[in-house]
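Just below is one structure, and these are the notes that go with it.
What you see is a predicted model, and the numbers here were worked out from it, not measured in a lab.
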Amino acid sequence: MEINEPCVVALTWVLKDTLGEELDVLEDPVEFLVGGDDLLARIEQALAGHAAGATLSLHLEPEEAFGDYHEGLLFLEPRSLFPAALEEGMVIDGSELPAGTSADAPREHLYTVAQIYPDHVVLDGNHPLAGIALRIEIKVHAVREATEEEIERRSAGVGFFRVQPLAPGGGAAH
């Protein structure tokens with residue numbers, strides 16, 4: 001079966017920055033919905049027409065991946081607003097920011113706790129890979145028809161580079 005919208009693909013990959021440093025390795029195949037919200041548009045375009053067994057090497061500029069880095073998404077917040085157990089690298093859903101944090105911080109973003117000081121916390125609303133050109137080696141392990149539920153949900157269950165809220169070290173790519 002060829003990859004065409006909508007279908008589900010099982011992929012593995014190695015993601016690197018342009019200097020060759022590994023950022024993420026997906027060793028076991030994971031299913032993603034092509035034609036939904038699971039994959040970046042540039043990756044879906046590259047997969048189109050391929051079948052199980054295909055390997056692809058892609059170079060993604062920031063605008064094709066996670067966008068440019070925006071300093072306007074850095075927020076300095078009072079340390080007293082956050083729990084004592086707060087750690088650098090934790091991710092906080094913007095809709096769950098404590099009362100008293102900046103009204104300018106968009107609530108639809110995820111915020112990484114970038115730095116913790118005695119009196120304040122630095123929150124970064126940029127994706128951890130924003131502003132970075134990426135290289136990704138993808139292997140297609142399987143292709144199948146998408147179920148009605150997956151099409152309706154716009155996902156096979158795992159999104160590309162989803163970051164889990166409030167997870168220590170939340171910079172994990174998947």
Side-chain angles (χ1 to χ4, degrees), residues 5 9 11 13-26 30 32-48 56-138 153-174:
E5 292 184 24
V9 295
L11 305 175
W13 66 62
V14 175
L15 180 74
K16 298 178 181 181
D17 64 16
T18 54
L19 298 176
E21 181 180 337
E22 281 189 3
L23 303 173
D24 187 54
V25 177
L26 186 59
V30 174
F32 299 92
L33 177 67
V34 174
D37 298 329
D38 288 350
L39 293 167
L40 297 169
R42 175 73 177 88
I43 292 175
E44 285 195 1
Q45 292 165 359
L47 288 170
L56 294 88
S57 296
L58 302 174
H59 177 88
L60 304 173
E61 289 298 324
E63 60 272 11
E64 298 172 308
F66 300 100
D68 291 321
Y69 189 87
H70 298 284
E71 288 189 21
L73 289 174
L74 287 175
F75 295 92
L76 191 64
E77 303 293 342
R79 175 66 180 99
S80 60
L81 298 177
F82 295 88
L86 192 72
E87 296 177 21
E88 287 184 9
M90 283 183 156
V91 177
I92 302 171
D93 189 311
S95 65
E96 297 174 6
L97 286 174
T101 56
S102 176
D104 294 335
R107 297 311 196 235
E108 68 275 4
H109 283 254
L110 292 177
Y111 292 89
T112 302
V113 178
Q115 295 172 314
I116 300 174
Y117 296 97
D119 296 329
H120 62 274
V121 172
V122 179
L123 299 179
D124 187 347
N126 289 285
H127 187 283
L129 298 177
I132 299 174
L134 303 170
R135 291 183 183 158
I136 187 165
E137 303 284 330
I138 300 171
R153 193 175 59 223
R154 298 191 51 77
S155 176
V158 178
F160 190 76
F161 290 92
R162 293 236 172 121
V163 179
Q164 299 302 314
L166 295 176
H174 58 268

Do the side chains of E87 and V113 get nearer than 4.5 Å, heavy atoms only?
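Result no, sub-4.5 Å side-chain heavy-atom pair not found.
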Is the closest side-chain heavy-atom distance between D68 and P62 below 4.5 Å?
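Side chain of D68 against side chain of P62, heavy atoms only: contact under 4.5 Å found.
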Examine distances only and state if a side-chain atom of [X] and a backbone atom of [Y] form a donor-acceptor pair shorter than 3.5 Å.
X    : Y    : value
E64  : E61  : yes
R79  : F82  : yes
D124 : T112 : no
N126 : H70  : yes
R135 : L19  : no
H127 : F66  : no

Relative to the ring of Y111, is the ring of F75 parallel (under 30°), tilted (30 to 60°) or perpendicular (over 60°)?
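Plane angle over 60°, so perpendicular.
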[atom1]-[atom2] distance between [X] and [Y], expressed to the nearest 0.5 angstrom:
X    : Y   : atom1 : atom2 : value
I132 : L60 : CD1   : CG    : 12.0 Å
L134 : R42 : CG    : CZ    : 12.0 Å
K16  : L23 : NZ    : CG    : 10.0 Å
D104 : L73 : CG    : CG    : 11.0 Å
E137 : S57 : CD    : OG    : 3.0 Å
E5   : L47 : CD    : CG    : 11.0 Å

Apply side chain to side chain contact (heavy atoms under 4.5 Å, CB included) to residues I43 and L56 and explain how you reach the verdict.
CA-CA 9 Å; I43 292 175; L56 294 88; over 6 Å; no
Are H59 and T18 close enough, and set up right, to give a side chain to side chain contact (heavy atoms under 4.5 Å, CB included), and what steps lead you there?
CA-CA 8 Å; H59 177 88; T18 54; 3.6 Å; yes
Within a reach of under 6.0 Å around CD of E63, are more than 12 heavy atoms found that belong to other residues, nucleotides or ligands?
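More than 12 within 6.0 Å, yes.
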Pick out which of V9, D38, L39, L33 makes a side-chain contact (heavy atoms from CB on, under 4.5 Å) with E44.
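One option only clears the test, and that one is L39.
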Taking all non-hydrogen atoms of both residues, which atom of I138 and which atom of L58 are closest, and how far apart?
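It is CD1-CD1, 4.1 Å.
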Identify every side-chain donor-acceptor pair in residues 114-123 under 3.5 Å, counting partners at least two apart or on other chains, and give the distances.
{"unit_1": "Q115", "atom_1": "OE1", "unit_2": "Y117", "atom_2": "OH", "d": "3.2"}
{"unit_1": "Q115", "atom_1": "NE2", "unit_2": "Y117", "atom_2": "OH", "d": "3.4"}

Worked check of side chain to side chain contact (heavy atoms under 4.5 Å, CB included) between V30 and W13:
CA-CA 10 Å; V30 174; W13 66 62; over 6 Å; no
